[in-house]
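Just the heavy atoms: all of them, side chains too, but no hydrogens, waters or symmetry mates, feed the values below. All residue numbers refer to positions in the sequence shown, counting from 1.
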Amino acid sequence: MPDIIQLLPDNIANQIAAGEVIQRPASAVKELLENAVDAGATEIKLIVAEAGKSLIQVIDNGKGMSETDARMSFERHATSKIRNIDDLFHIRTMGFRGEALASIAAVAQVELRTRRADDEIGTCIEISNSSVRRQEPIAMPPGSNIAMKNLFFNVPARRNFLKSNAAEMRHIVEEFTRVALAFPGIFFSLSNNGQELMHLEKCSLKQRILQILGMNYNAKLISVQQQTDYLNISGFAGKPETAKKTRGDQYFFVNNRFIRSAYLNHAVMSAYREMIPADSFPLYALFIDLDPAQLDINVHPTKQEIKFEDEKIVYAFVQAAVKHALAQFSVTPTLDFDLDPEIQRLDAVSKPVTDQQAATLTSSSLYQSFTQKNQAHFIEPSNKSELKHWREFFESPREPAAATDIPSSQASAFSHLKDKDRIQLSEDAALQQLLNTYIITSTNRGILLIHQQSAHERILYERYATVAAGQAIPSQQSLFPSPLQLSPQDAILLTDLLPDLQTLGYLIEPFGKDTFLVQGTPADTGQGNERAAIEQLLEQYKHFSSEVKFSKREKLLRSMAWQQAVKGGVILDQKEMLSLATGLFACGQPNITPSGHPTYIEFRTEYMEKLFGK
């Protein structure tokens with residue numbers, strides 16, 4: 001019998017590696033931007049075409065590479081950042097495994113131009129499908145210019161799985177934003193299809209946050225600063241009024257590397273406890289700096305998930321730092337200066353603090369751990385139960401199976417029932433609101449308990465779905481159009497949704513870079529809060545979650561139904577309650593929300609008689 005185990009050819013091995021490293025255009029953007037940062041660049045330009053599907057180009061003024069290094073950089077596991085095993089545990093650079101360029105060259109056509117400052121000429125290399133097609137000297141300024149064309153040209157199945165250009169562009173802007181936030185001392189620009197989307201001059205961290213998120217946050221950021229013998233924490237958190245109903249702008253950086261951490265997110269959320277509603281999420285951009293030996297950054301292909309040696313200590317420090325900042329700045333209004341956020345921490349700004357407040361802050365064991373040296377490992381584990389259940393806090397409960405996608409099929413869900421088996425509201429029965437959230441009334445079969453938000457969500461969803469089938473909702477034009485300024489990624493999203501929003505009654509027009517004019521809103525919605533409603537709708541759409549994949553329009557319909565539905569806690573009069581109840585049972589499928597939650601609970605007469613032994 002012949003031997004059957006063979007080594008894979010290099011081009012196949014590289015494509016397999018690319019499957020983990022380069023999942024979409026944004027993955028390549030992340031790797032190329034990080035390489036430019038590691039090269040010591042002070043100016044980095046990102047140019048993309050067709051959301052990165054046809055071109056991703058990064059131009060930097062970094063130190064460049066020699067001819068030999070330029071060729072070696074495309075080999076697998078070739079890196080300038082690791083010399084021995086000890087280096088692996090003291091990494092402070094961004095990329096380090098030597099897989100990025102090799103993976104990119106395996107699934108795209110790549111051209112690299114690079115020159116060191118001391119060299120008279122540079123090097124140009126063209127690689128396609130892991131094979132060098134051309135290598136020659138070239139005249140160019142110092143730095144590197146790498147262009148990646150026709151992503152997945154040799155893996156058509158992978159290319160077919162890419163999303164729309166608008167969706168892929170949002171992912172690119174997210175990766176660009178994370179790198180730009182981590183390095184405010186570097187100039188960044190982003191252009192798509194010849195149009196500059198972002199132009200970020202060198203600045204302070206606060207200015208970089210405002211450049212990206214918008215100047216409306218200028219007076220709403222709180223400086224977070226804490227230095228200990230174990231780690232340092234810096235950055236900014238939003239004041240409680242900036243909290244949103246959906247998870248929005250939340251950034252954690254460890255040694256300037258963006259990470260995702262449900263555990264640390266819970267630490268921040270616990271610091272905001274009792275300051276914001278339980279279902280709201282604060283804004284923050286926090287930087288943690290600690291010894292690389294205390295963490296492992298090589299546990300995930302994208303390096304966005306890391307492991308801390310002692311995560312409980314990091315949790316406690318993050319929680320205490322944010323609590324301290326919130327306590328200090330909530331005592332008195334803060335002054336705000338564009339040029340230097342350090343001014344916010346001067347005594348003249350943070351005072352006055354009463355003696356009682358100061359005594360409360362300084363008497364805690366956490367405060368003493370910050371102010372005494374070598375005390376990091378002596379934090380008292382007073383909140384064990386809180387840490388134990390952090391995962392349940394972060395993870396949302398699993399939703400029931402989603403409802404049918406098309407309302408026309410839902411209309412037949414109850415059509416087979418006889419009149420005596422249908423729920424019919426009693427004509428003379430009064431409706432009563434309980435806890436400003438539930439509506440109770442009598443029916444031909446017993447008692448009905450309706451959840452007002454869920455019921456309204458079902459009504460609105462079926463109305464919007466009817467619109468999607470061809471019957472437009474009338475729009476009420478505003479006497480004075482409202483300007484709406486968004487972040488670049490939200491502007492891309494809104495532009496993509498404009499045709500569908502117009503069908504649903506929103507009249508929104510582009511008005512310059514990342515700015516729109518709200519000319520009209522659906523006739524049946526309240527007036528005066530157009531901007532807040534659209535911002536909340538975008539947040540809900542971005543973070544729409546479901547176990548079932550839906551089309552863009554279906555996600556928009558469900559997001560709008562949730563956003564416009566009357567929420568719990570709103571007092572309704574008799575007319576409003578009656579309209580809600582009758583509207584619910586006029587729906588094709590009145591018993592559940594679009595996401596599968598019940599809209600009402602029925603207590604039948606025979607069931608209640610059994611409860612009382614009748």
Determine whether a donor-acceptor pair (N or O, by modelled atom type, separation under 3.5 Å) exists between the side chain of [X] and the backbone of [Y].
X	Y	value
Thr228	Leu231	yes
Arg115	Lys63	no
Arg113	Met140	no
Asn265	Ser261	no
Asn218	Leu210	no
Ser54	Ala49	yes
Asn255	Arg257	no
Thr114	Cys124	no
Glu311	Phe308	no
Gln227	Asn232	no

- Item | Pair Phe281 + Tyr272: ring centers closer than 6.0 Å | no
Does atom [atom1] ([X]) have a neighbourhood of more than 12 heavy atoms from anything else shown, all under 6.0 Å?
X	atom1	result
Lys45	NZ	no
Asp118	CG	no
Phe187	CZ	yes
Gln195	CD	no

Using a 4.5 Å cut-off on heavy atoms from C-beta on, say whether the side chain of [Y] contacts that of [X].
X	Y	result
Ile288	Ile259	no
Glu34	Phe258	no
Tyr284	Val318	no
Leu557	Pro594	no
Phe74	Val110	yes
Ser66	Arg116	yes
Cys203	Glu201	no
Ile209	Tyr217	no

- Is the shortest side-chain N to carboxylate O distance from Lys30 to Glu175 below 4.0 Å? no
- Task: May I ask you to decide whether Arg71 forms a salt bridge with Glu67, counting only side-chain N to carboxylate O separations under 4.0 Å?
- Result: no
To the nearest 0.5 Å, how far apart are [atom1] in [X] and [atom2] in [Y]?
X	Y	atom1	atom2	value
Ile146	Asn35	CD1	CG	7.5 Å
Leu497	Leu556	CG	CG	5.5 Å
Gln211	His199	CD	NE2	8.5 Å
Phe253	Asp289	CZ	CG	13.5 Å
Lys53	Asn150	NZ	CG	12.5 Å
Leu498	Leu507	CG	CG	10.5 Å

- Task: Run through Leu486, Leu494, Ile492 and flag the one making a side chain to side chain contact (heavy atoms under 4.5 Å, CB included) with Asp490.
- Result: Leu486
- Take Ile138 and Glu136, measure what side chain to side chain contact (heavy atoms under 4.5 Å, CB included) needs, and give me the verdict at the end. CA-CA 7 Å; Ile138 190 174; Glu136 61 185 20; 5.6 Å; no
- Looking only at heavy atoms, which two atoms of Ile172 and Ala51 are closest? And how far apart? CD1-O, 3.2 Å
- Under the side chain to side chain contact (heavy atoms under 4.5 Å, CB included) rule, what do Val173 and Met198 come out as? Steps first, then yes or no, please. CA-CA 9 Å; Val173 173; Met198 301 181 76; 4.2 Å; yes
- Message: Parallel, tilted or perpendicular: which one describes the rings of Tyr263 and Tyr315, with boundaries at 30° and 60°?
- Response: tilted
- Asn61 and Glu43 side chains, donor-acceptor separation under 3.5 Å: no
